[in-house]
> 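Let me begin by handing over the structure; questions about it come next.
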Amino acid sequence: MKSAVAGQNWLLRGARVVDPGRGLDDRLDIIVEGGRIAGIGRDLGKKRGKGLRIMELGGLVITPGLVDMHVHFREPGYEYKETIATGSAAAAAGGFTAVACMPNTNPVNDNRSVTEFILRKAGEADLVHVYPIAAITLGSQGNTLAEFWDLKEAGAVALSDDGKPVMDGAIMRRALEYAHSLGMPVVSHCEDLSLSAGGAMHEGLAATELGLPGIPGIAEEVMVARDLLLAEYTGAVLHICHVSSAGSVRLIRDAKSRGVKVTAETAPHYFTLTADCLRGYDVNAKVNPPLREQRDIEAVREGLRDGTIDVIASDHAPHAVTDKEVEFEYAASGMIGLETSLALSLRLVTDGFLSLPELVTRMSARPVAILGVPGGSLAPGAPADLTVIDLERRWTVSPEGIRSRSRNTPFLGWHLTGKAVLTMKGGAVTHSDLLRDHERPDQP
Ligand code: DOR
Ligand code: ZN
């Protein structure tokens, strides 16, 4: 679905413009011309109104386009769960202008033809920038390193075997060294498979009561510790995926204080839900790493507050009903997240853990810096990738409202506050809830 309003020049009037990288948090106008930010300032309409379509955005917030550095678009191979086009539509609806997609497709993105295929499909959908993350090892089997240089040349921005850990420490060491020499981050899914083996949910009281085998926090923490030590030893750049446990937050905080080049991300479910959500055997709350305990939620929030955790990423992991509606232990892990990520993250602002500019940084400029891709700024001359947010908009997560091809979210029926009401990529509107109300066809 291409936007009907591409190629327009716009005057976006009267929004609260939050661009933390430039210290901006003020009521301003933005002019978009030729797909770029042409001007930003007060009362621009009086000086520059001619030939521009006007959107009155009083009461709304404009931020640099949001960036989700951890999503699973299931193409090639699992198009029944999500395609690059449907995933891109979900991303735009969630306020995102860029995503990085994980390589656990079929075939795995471990060679340049898959990377090129993803980029071509993303270009055809043309709703968000899609940055492929390529596999560390061939087939993500953990045995043989992929051709990082070739993958980088084809357009991969980082390396990960996400979904699986790299169990062999020597291979992880070589991966860190090789990736570092190419300026690419290694994005690590931290899980010691010998400690998580057979587990279906977090090890704790809820698992005992449900009679389900548990995955302890240390299955994650042992690998976080190993990877931090390898990053310290090699001097390479490490990014830790989906931090879910208090112990992981503590290890990363300690490593950062020693100067280890590590960044980390968490997902909204890890600061919102505990293993108690599984009490009704809700397969949509089955995710890997698993939802943990209240003290883990608190540690993850504190990690976000003090900067130990750099980024919020959704780990959008679409699965079809047929993958989920089986015995709990056999159900696929993962939940969709692109369309709920912003609203759930805004609760951190309401609850006083992050200011709005800090949240915007964690969802835009920080992932951009980690991946080394464009974006994260509303500076004049930059591509007009931006998100318009209604902080007051109340909405309910419903199956009909979801753009993703899958519906596997434990947040169905939740009443949320705050929504991306318009997303613009390169000056083209890729999602809008508001054109009819706010657009004025006339001149100022
Ligand atoms: O829950 C998860 N789902 N965790 C992962 O690491 C992979 C993901 C998926 O691909 O479904
Ligand atoms: Zn993932």
Side-chain angles (χ1 to χ4, degrees), residues 68-84 87 90-91 99-109 118 130-136 139-140 142 158-167 185-193 196 199-202 215 219-220 223-224 227 239-245 248 264-270 272-273 275 277-278 282-292 311-324 326 328-338 341 367 371 404-411:
D68 189 332
M69 68 177 292
H70 187 150
V71 306
H72 297 266
F73 289 174
R74 305 298 193 181
E75 196 176 358
Y78 305 106
E79 290 81 358
Y80 68 99
K81 299 176 192 244
E82 191 83 286
T83 64
I84 291 167
V99 301
C101 63
M102 287 297 178
N104 60 341
T105 46
N106 186 15
V108 168
N109 181 14
I118 292 167
V130 176
Y131 298 111
I133 297 181
I136 297 172
S140 287
L159 298 150
S160 180
D161 277 354
D162 180 54
K164 295 179 181 172
V166 177
M167 281 297 287
V186 170
V187 175
S188 183
H189 170 116
C190 291
E191 175 182 357
D192 183 318
L193 294 174
S196 62
M201 65 177 290
H202 174 68
I215 302 170
E220 175 176 326
M223 277 308 226
V224 169
D227 285 351
H239 177 79
I240 296 182
C241 278
H242 43 55
V243 170
S244 73
S245 91
S248 298
E265 100 209 354
T266 192
H269 38 278
Y270 297 120
T272 309
L273 302 175
C277 293
L278 294 156
D282 179 4
V283 282
N284 285 335
K286 184 180 179 188
V287 66
N288 187 27
L291 302 174
R292 301 196 189 274
V311 164
I312 299 170
S314 69
D315 197 359
H316 177 81
H319 288 295
V321 174
T322 46
D323 305 311
K324 281 288 194 183
V326 293
F328 192 90
E329 284 160 89
Y330 300 108
S333 292
M335 58 179 81
I336 55 168
L338 277 163
S341 184
L371 296 173
S404 168
R405 182 161 281 180
S406 293
R407 302 281 181 277
N408 54 306
T409 167
F411 296 109

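No experiment lies behind these values; they were computed from the predicted model shown. We count ligands from 1, going down the list as the structure has it; atoms in each ligand are counted the same way.
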> In ligand 1, which numbered atoms sit nearer than 4.0 Å to a non-hydrogen atom of V287?
1 (O)

> If only side-chain N and O atoms count, and only distance matters, is there a donor-acceptor pair under 3.5 Å linking E82 with S404?
yes

> Checking H269 against D315: is there a side-chain donor and acceptor pair closer than 3.5 Å?
no

> NZ/K324 to CG/D282 distance, rounded to the nearest 0.5 angstrom?
8.5 Å

> To the nearest 0.5 angstrom, please state how far the CZ atom of F411 sits from the SG atom of C277.
7.5 Å

> Any side-chain donor paired with an acceptor under 3.5 Å for D162 and H70?
yes

> N408 and side-chain contact (heavy atoms from CB on, under 4.5 Å): which partner among V283, I336, V287?
I336

> Taking only heavy atoms of D162, which atoms of ligand 1 are found under 4.0 Å from at least one of them?
6 (O)

> Would you mind listing which atoms of ligand 1 come within a distance below 4.0 Å of any non-hydrogen atom of G163?
5 (C), 6 (O), 7 (C)

> Heavy atoms only, cut-off 4.0 Å: how does H189 contact ligand 1, side chain, backbone, both, or neither?
side chain

> Do you see an N/O/S atom of H189, backbone or side chain, under 2.8 Å from the Zn ion (ligand 2)?
no

> Look at atom 3 (N) of ligand 1 and say which protein heavy atom is nearest, naming residue and atom and giving the distance to 0.1 Å.
S333 O, 3.1 Å

> Please confirm if an N, O or S atom belonging to H242, backbone or side chain, lies less than 2.8 Å from the Zn ion (ligand 2).
no

> Any idea which N/O/S atom from D315 gets closest to the Zn ion (ligand 2)?
OD1

> Tell me, with the steps shown, if M223 and S188 meet side chain to side chain contact (heavy atoms under 4.5 Å, CB included).
CA-CA 9 Å; M223 277 308 226; S188 183; over 6 Å; no

> Can you tell me the protein heavy atom closest to atom 1 (O) of ligand 1 and the distance?
N288 N, 2.9 Å

> Are R74 and N104 side-chain neighbours, meaning at least one heavy-atom pair lies under 4.5 Å?
yes

> Work out whether the distance between some heavy atom of H319 and some atom of ligand 1 is less than 4.0 Å.
yes

> Does R74 reach ligand 1 with a nitrogen or oxygen that is under 3.5 Å from one of the ligand's nitrogen or oxygen atoms?
yes

> Which atoms from ligand 1 have a heavy atom of H72 less than 4.0 Å away?
8 (C), 10 (O)

> Using a strict cut-off of less than 4.0 Å between a Lys/Arg side-chain nitrogen and an Asp/Glu carboxylate oxygen, indicate whether R405 and E75 qualify as a salt bridge.
no

> Is there a donor in the side chain of R292 and an acceptor in the side chain of S245, or the other way round, less than 3.5 Å apart?
no

> Could you check which N/O/S atom of D162 is closest to the Zn ion (ligand 2)?
OD2

> So which heavy atom in the protein is nearest atom 10 (O) of ligand 1, and how far is it from that ligand atom?
N104 ND2, 2.8 Å

> Would G334 count as being in polar contact with ligand 1, using the rule that some N or O on each side must be under 3.5 angstrom apart?
yes

